[in-house]
**Q** 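This structure is in structure tokens; I'll ask about it shortly.
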Amino acid sequence: MIYEAALLLREGKTTPTELTAEILRKIEKHDKDLGGYITIADNAMEEAKKAEENKKDSLLWGIPIAIKDNICTKNLLTTAASKMLENFVPPYDATVTAKLKEAGAVIIGKTNMDEFGMGATTENSAFKKTYNPVNYEYIPGGSSGGSCAVVKKGLALGAIGTDTGGSIRQPAAFCGIYGLKPTYSLVSRYGLVAFASGLDTIGPVGSSVKDLAIMLDTIAGYDPMDATSAKKEKECYFENLKENMKGLKIGVPEEFFQNMDEDIKNAVFKGIRECKDMGAEIEECSMPSLKYAVSSYYIISSSEASSNLARYDGVRFGKRAEGAENVEQLYRKTRSENFGDEVKRRILLGTYALSKGSYDLYYLKAKAARAAIKKDFDALFEKYDVLLTPVSAKRVWKLGDKLHLTEEYKKDICTVAVNLAGLPAISIPCGEDKNNMPVGMQFIGNRFAEQTLLNAAFSFEEGGEANGI
Amino acid sequence: MEKLASLAKLDIDNESNLIKDIEDVIKMAGELKDVDCELSDEDAVIELRCDSIKESFEREQMLENAPCKDEGYIIVPTLWEEAE
């Protein structure tokens with residue numbers, strides 16, 4: 001939709017203000033029921049007017065874009081869906097936000113999410129629930145559930161999400177749209193509300209592969225404000241988008257296909273057959289270390305979260321509890337009253353994993369598992385251009401449906417290994433489950449192989465359309 | 001659990017499911033004991049910015065998000081009682 005709208009803008013068939021007004025009308029009409037946004041930018045029309053007077057070459061010029069609410073937007077509320085940051089108005093833009101504005105995009109609002117990115121349903125937001133736009137009885141996935149829901153419903157032409165353990169790819173799959181988790185360090189995290197700094201990535205969600213490429217072109221690149229940012233020559237993902245399926249070597253690691261719902265397996269296998277029909281060379285392969293991915297992920301991400309979230313102490317910014325008589329009480333009361341249960345759970349787990357006596361047993365072992373996962377991926381990428389897997393082994397579930405906690409965590413098996421290895425991966429729609437809800441499959445690439453991934457996804461999108469997907 | 005809660009600066013209700021949840025996840029993570037892989041330090045290289053003084057934000061602007069402030073300072077509860 002970004003690409004198509006950009007063409008209309010260039011041909012003068014619409015204007016940034018018309019486009020923004022239309023999106024705002026749709027938000028007004030639908031978001032009450034959808035719950036995709038936490039905040040609507042009240043200066044969106046003003047920004048659209050400014051864009052109109054200052055035409056840019058970028059394909060994002062005049063395009064209304066939504067941003068997940070854990071990415072700082074100057075003078076616009078940024079809550080990370082936490083009571084702790086209920087009133088936090090950043091005095092600066094995240095690098096990603098600044099780049100979007102520089103390209104002439106219109107920031108339309110901030111999308112709902114699981115608190116601090118911790119969750120897979122968007123039900124952990126302190127403020128509201130977001131519903132799956134395909135069927136409101138279902139969750140949209142998470143944690144970037146708001147970003148994916150608003151794009152699917154047409155309440156933004158594209159959106160930015162974040163992915164620490166699958167938070168872009170899984171909701172994109174559940175909402176039936178496209179989502180890209182870039183290589184760790186490709187997109188600056190300056191101005192991102194940190195969850196797990198060694199895993200956090202920022203990436204685009206959109207209704208086509210072209211839209212992802214257009215957004216990635218704008219947000220990728222070196223940033224001295226992020227010490228982990230990669231010094232790399234800028235690529236032109238959109239310009240170089242082309243079909244590459246013929247002769248593409250695709251590995252299909254069997255471990256990703258265990259304990260799957262049968263209808264999901266069928267949809268993904270159908271996708272694999274489509275790739276084969278388009279000329280890809282498909283081969284089954286193995287990734288033995290995948291069995292450690294969920295445990296390793298939850299230990300490492302929670303450890304990093306316990307340290308990162310120590311900053312919320314009621315002193316410098318964020319909420320402060322009333323009635324504390326000393327500093328210790330101030331810290332404990334503030335944190336206990338303003339963090340949700342899932343956030344507390346992860347902080348406690350991380351604190352435990354890093355504490356004396358547990359560090360060797362859990363944290364170092366989790367790091368060793370991470371090294372094993374990286375090693376396995378490296379070996380696979382010596383043989384294959386990309387790997388093809390499900391995004392979720394389980395079909396999307398209804399709001400309120402809950403399993404035992406560790407079973408919930410295990411649902412992340414298909415996405416977390418990618419974050420542990422710092423690799424890029426793209427989630428693309430490949431069919432429907434037995435409830436007529438969307439199913440996604442995932443291409444995983446080697447570090448900085450975004451172009452290969454986008455091209456593979458583009459081939460599938462084009463070929464898939466021809467085949468009626 | 002009280003030790004853990006104290007380290008994490010949280011108050012945990014004994015009735016809460018949180019304790020059981022943490023125990024379950026730790027039990028699950030017990031599978032990591034079988035991992036046999038050398039740790040590599042390849043991801044430890046981070047290039048830091050030059051530690052130089054430059055303009056960033058105005059004091060007042062930064063204090064706008066402070067929950068309790070007075071004349072350019074953040075107010076906190078008393079840290080030390082005055083000696084008798």
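None of the values given here were measured: they were computed from a predicted structure.
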**Q** Who passes side chain to side chain contact (heavy atoms under 4.5 Å, CB included) against A/A366, sequence neighbours left out?
**A** A/S296, A/I299, A/I300, B/L32
**Q** Distance from A/D341 atom CG to B/L18 atom CG, nearest 0.5 Å?
**A** 5.0 Å
**Q** Residue by residue, which of residues 24-31 of chain B have a heavy atom closer than 4.5 Å to a heavy atom belonging to chain A?
**A** B/D24, B/V25, B/I26, B/M28, B/A29, B/G30, B/E31
**Q** Hey, what do you get for SG (B/C37) to NZ (A/K367), rounding to the nearest 0.5 Å?
**A** 12.0 Å
**Q** I'd like to know which of A/A310, A/S355, A/G318, A/S306 tops the heavy-atom pair count under 4.5 Å against chain B.
**A**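 The option with the most such pairs is A/G318.
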**Q** Using salt bridge (charged side-chain N to carboxylate O under 4.0 Å, His left out) as the criterion, point out the one residue from A/R345, A/R346, A/K344 that pairs with B/D21.
**A** A/R345
**Q** Under 3.5 Å, side chain of A/R332 to main-chain N/O of B/L10, donor-acceptor pair present?
**A**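 Looks like yes, one N/O pair under 3.5 Å.
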**Q** Between A/L361 and B/K33, does the side-chain contact (heavy atoms from CB on, under 4.5 Å) criterion hold? Intermediate values first, please.
**A** CA-CA 7 Å; A/L361 268 177; B/K33 71 176 186 311; 5.7 Å; no
**Q** Counting only heavy atoms closer than 4.5 Å, note whether A/L330 contacts chain B via side chain, backbone, both or neither.
**A** side chain
**Q** Taking B/K9 for the side chain and A/E328 for the main chain, is one N or O donor matched with an acceptor at less than 3.5 Å?
**A** no
**Q** Taking the side chain as every heavy atom from C-beta outward, state whether A/R320 and B/V76 have any atom pair closer than 4.5 Å.
**A** yes
**Q** Are the side chain of A/S336 and the backbone of B/D11 linked by a donor-acceptor contact shorter than 3.5 Å?
**A** yes
**Q** According to side chain to side chain contact (heavy atoms under 4.5 Å, CB included), who are the partners of A/K411, at least two apart in sequence or on a separate chain?
**A**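 Checked A/K411 against side chain to side chain contact (heavy atoms under 4.5 Å, CB included); matches are A/K394, A/W397, A/L403, A/E408.
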**Q** Which bit of B/D34 is near chain A, if near means a heavy-atom gap under 4.5 Å: side chain, backbone, both or neither?
**A**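 Backbone plus side chain of B/D34, per the 4.5 Å heavy-atom cut-off to chain A.
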**Q** Between B/A5, B/P67, B/P77, who has the most heavy-atom pairs with chain A when the cutoff is under 4.5 Å?
**A**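 Greatest number of close heavy-atom pairs with chain A: B/P67.
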**Q** Could you tell me which portion of B/L4 (side chain, backbone, both or neither) has an atom closer than 4.5 angstrom to a non-hydrogen atom of chain A?
**A**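 Its backbone and side chain both get close to chain A.
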**Q** Return the CD1 to CG distance between B/I22 and A/L348, rounded to the nearest 0.5 Å.
**A** 5.0 Å
**Q** Verify, without hydrogens or angle tests, whether A/R335 (side chain) and B/A8 (backbone) share a donor-acceptor contact under 3.5 angstrom.
**A**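 At least one qualifying donor-acceptor pair exists.
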**Q** Taking atom CD of B/E2 as the centre, report whether more than 12 heavy atoms of other residues, nucleotides or ligands fall under 6.0 Å from it.
**A**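 It does: B/E2 CD has more than 12 such atoms within range.
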**Q** Can you check whether B/M62 reaches A/P91 side chain to side chain, under 4.5 Å on heavy atoms?
**A** yes
**Q** Name the option with the most non-hydrogen atom pairs under 4.5 Å to chain B; the candidates are A/Y331, A/Y184, A/Y362.
**A**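 Of the candidates given, the most pairs with chain B belong to A/Y362.
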**Q** Would you mind telling me which of B/I75, B/N17, B/I12 has the largest number of heavy-atom pairs within less than 4.5 Å of chain A?
**A** B/I75
**Q** Do A/R316 and B/I74 have side chains that get closer than 4.5 Å, going by heavy atoms?
**A**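 Yes, close enough: below the 4.5 Å cut-off.
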**Q** If you check every heavy atom in residues 287-295 of chain A against those of chain B, which residues fall under 4.5 Å?
**A**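 Residues of residues 287-295 of chain A touching chain B at under 4.5 Å: A/K291, A/Y292, A/V294, A/S295.
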**Q** Taking atom CG as the centre, does B/D13 end up with more than 12 heavy-atom neighbours from other residues, nucleotides or ligands that are less than 6.0 angstrom away?
**A** yes
**Q** Under 4.5 Å, counting heavy-atom pairs only, tell me which of A/K375, A/K319, A/M225, A/K333 racks up the most with chain B.
**A**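 Top count of heavy-atom pairs under 4.5 Å with chain B: A/M225.
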**Q** Please name the pair of heavy atoms, one in B/L7 and one in A/T351, separated by the smallest distance, quoted to 0.1 Å.
**A** CB-CG2, 3.6 Å
